[in-house]
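Structure, as structure tokens:
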Amino acid sequence: MKPVRKAIFPVAGLGTRLLPATKTMPKEMLTIVDRPLIQYAVDEAREAGVEQLIFVTGRGKASLVDYFDMAYELERTLDDKGKDKHSLDPSRSGYGELVSVRQQQPLGLGHAIWCARHVTGDEPFAVLLPDDLMVGRPGALKQMVDAYEKLGGNIVCAQEVPADKTSSYGIVDPGMSDGHVTEVKGMVEKPDPADAPSRLGIVGRYILQPEVMEKLAAHETGAGGEIQLTDAMAKLIGTQPFHAIKVDAVRHDCGDKTGFVLANLALGMEDPAIAETIRAYLNR
Ligand code: UTP
């Protein structure tokens with residue numbers, strides 16, 4: 001079994017739910033407390049053993065790639081002023097190899113993944129959607145990689161979603177379950193609650209085998225007229241092991257206004273430097 005050395009970060013979406021903030025700023029550069037969403041996702045991938053970061057970007061997303069550059073001038077200025085350089089973390093610690101590929105048009109998540117096919121080649125890879133902020137120790141992807149080492153094949157991260165929210169998720173048709181691991185018999189993208197095979201919703205972490213790229217190459221459109229990753233993954237079921245796992249982590253859907261604000265509060269309350277002030281304000 002090949003290890004998961006590569007991770008795709010699809011960051012070419014339009015982020016319309018967070019307009020006007022995302023008009024000129026990539027959604028993934030929005031900050032939760034003191035760091036952008038993309039950094040949380042990259043840190044999670046590195047912790048899971050990922051060596052190569054593949055950003056699928058689009059128009060107006062250059063700042064996402066720039067963020068991981070060394071910032072020599074800033075370092076120098078902080079040095080001159082005798083200031084702590086800890087706050088520059090992303091540009092100072094090793095972040096592995098960063099490759100950026102372009103999605104010319106936002107045709108859907110499946111299409112964004114397919115744009116990275118030449119970089120992933122014949123290796124398995126992880127996919128992390130940075131707007132799904134997962135807070136866990138160890139991180140969500142590390143928990144999935146540990147499961148992958150036993151199960152192999154394809155693994156999606158899943159959680160129970162409210163019955164009236166199935167139309168916002170890819171939903172798993174479940175087979176046998178063993179603890180946190182459920183065999184995947186089928187998958188449907190954004191079903192109406194009445195048609196949903198379960199309430200097990202797929203959230204933004206995946207470990208996939210390279211064959212999914214062949215399925216994506218058909219460029220078939222699905223729900224919402226987009227090229228859906230769920231539809232391509234569904235075609236692998238029966239040909240390769242496919243499991244959903246529930247990780248021990250809290251998920252914040254930061255692609256949505258409520259989730260974004262709540263994530264700031266939740267992580268702010270975990271930051272000893274500001275937690276007291278936030279708590280006092282909320283109590284008032
Ligand atoms: P979303 O469904 O959150 O779409 O995409 P979005 O465009 O980012 O945001 P809204 O719904 O308009 O507010 C899930 C992930 O897939 C990426 C997004 O960047 C996000 O990380 N994506 C989506 C692409 O990279 N390309 C696409 O064509 C669509």
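Throughout, numbering of the chain's residues begins at 1 and tracks the sequence. This is a predicted model, so every value here is computed, not measured. In each ligand, atom 1 is the first atom listed, and ligand 1 is the first ligand listed.
- Protein residues are said to neighbour a ligand when one of their heavy atoms lies under 4.0 Å from it; for ligand 1 these are Pro10, Val11, Ala12, Gly13, Leu14, Gly15, Thr16, Arg17, Lys27, Glu28, Gln103, Pro106, Leu107, Gly108, Leu109, Ala112, Asp131.
- Counting only residues at least two apart or on different chains, the side-chain hydrogen bond (donor to acceptor under 3.5 Å, both in side chains) pairs with a member in residues 241-250 are Glu160-Lys246.
- Taking the side chain as every heavy atom from C-beta outward, Thr182 and Ile245 never approach each other to under 4.5 Å.
- Contacts of Arg279 classified as salt bridge (charged side-chain N to carboxylate O under 4.0 Å, His left out), with partners at least two apart in sequence or in another chain: Glu276.
- Remark: the Arg5 side chain and the Gln52 side chain contain no N/O donor-acceptor pair separated by less than 3.5 Å.
- Put simply, the side chain of Lys27 never gets that close to the backbone of Asp131: no donor and acceptor are under 3.5 Å apart.
- Take Asp79 and apply the salt bridge (charged side-chain N to carboxylate O under 4.0 Å, His left out) test, not counting sequence neighbours, and it matches Lys85.
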